[in-house]
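Following: one structure in structure tokens, then a few remarks.
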Amino acid sequence: MTNQDNPKPVLPSIPAGSPMDDALRGSLRKMKNDADPQIRRLIDDILAGKRTMRDLAATEWFGRRVREARPNLEAIRKEVEKLEKEPGAADRITEKPE
């Protein structure tokens, strides 16, 4: 069995293979597009389960990305409010597929 067949979770609180895990992995892959080679390797290591998101969060590059994303925070907050109003929505995005 390969690592791809049984991936480690990117975040311990989100089951590997769940819709939220898939979204997080997709976001990491997209972030690689404007990253330097060192950050690309770090993201690859995170996706392979060799490093953690804390390693990425500790970089200046990630801090810059977070600051740039702040204007989108209001839109994200509205989406979270929708999930809070819809019973079971949050559970569905963290469920591991069968």
Side-chain angles (χ1 to χ4, degrees):
M1 189 178 290
T2 67
N3 232 8
Q4 252 180 332
D5 295 333
N6 194 14
K8 290 184 179 181
V10 174
L11 289 175
S13 59
I14 301 173
S18 69
M20 184 62 83
D21 181 69
D22 291 343
L24 182 55
R25 288 173 187 280
S27 293
L28 286 169
R29 288 183 190 103
K30 287 178 187 175
M31 279 195 263
K32 283 176 51 175
N33 292 335
D34 69 345
D36 61 49
Q38 182 179 5
I39 297 295
R40 288 178 186 200
R41 284 190 298 276
L42 175 56
I43 291 172
D44 285 338
D45 285 349
I46 292 167
L47 293 170
K50 298 175 186 174
R51 303 281 298 271
T52 70
M53 287 292 294
R54 285 184 185 198
D55 298 319
L56 181 60
T59 65
E60 172 57 33
W61 178 87
F62 189 78
R64 196 170 47 252
R65 291 287 305 245
V66 169
R67 287 187 298 278
E68 292 167 358
R70 280 191 185 150
N72 295 324
L73 188 57
E74 183 62 25
I76 293 168
R77 187 186 62 75
K78 287 180 182 179
E79 288 300 314
V80 169
E81 284 178 0
K82 285 183 199 175
L83 286 175
E84 289 173 342
K85 291 177 184 176
E86 185 182 335
D91 292 335
R92 284 194 301 279
I93 62 173
T94 59
E95 288 175 350
K96 187 173 182 175
E98 300 198 21

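Keep in mind that this is a model prediction, so the values were computed, not measured.
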* Asked: Counting heavy atoms not belonging to E81, are there more than 12 under 6.0 Å from its CD?
  -> yes

* Asked: Where is the tightest heavy-atom contact between A35 and R40, given as atom of each residue plus distance?
  -> O-NE, 2.9 Å

* Working to the nearest 0.5 Å, report the span between CZ of R77 and CG of N72. => 13.5 Å

* Could you tell me the separation between the CZ atom of R51 and the CD1 atom of I43, rounded to the nearest 0.5 Å? => 11.5 Å

* Asked: Does the side chain of D44 come within less than 4.5 Å of K32's, by heavy atoms?
  -> yes

* NZ/NE/NH1/NH2 to OD/OE distance under 4.0 Å, R25 and D21 -> yes

* **Validation row: D55, D45 side chains within 4.5 angstrom (heavy atoms)** => no

* Structure fact -> The reported gap from OG1 in T59 to CD1 in I39 (rounded to nearest 0.5 angstrom) is 4.0 Å

* Find the distance between CG (L42) and NZ (K50) and round it off to the nearest 0.5 Å. => 12.0 Å

* Under 6.0 Å from the CZ atom of R54, do we count more than 12 heavy atoms belonging to anything else shown? -> no

* Side-chain donor/acceptor of R65 to backbone N/O of W61, under 3.5 Å -> no

* **Approximate separation, where rounding is to 0.5 Å, of L11 CG and I46 CD1** => 9.5 Å

* What is the distance from atom CZ of R64 to atom CG of D34, rounded to the nearest 0.5 Å? -> 9.0 Å

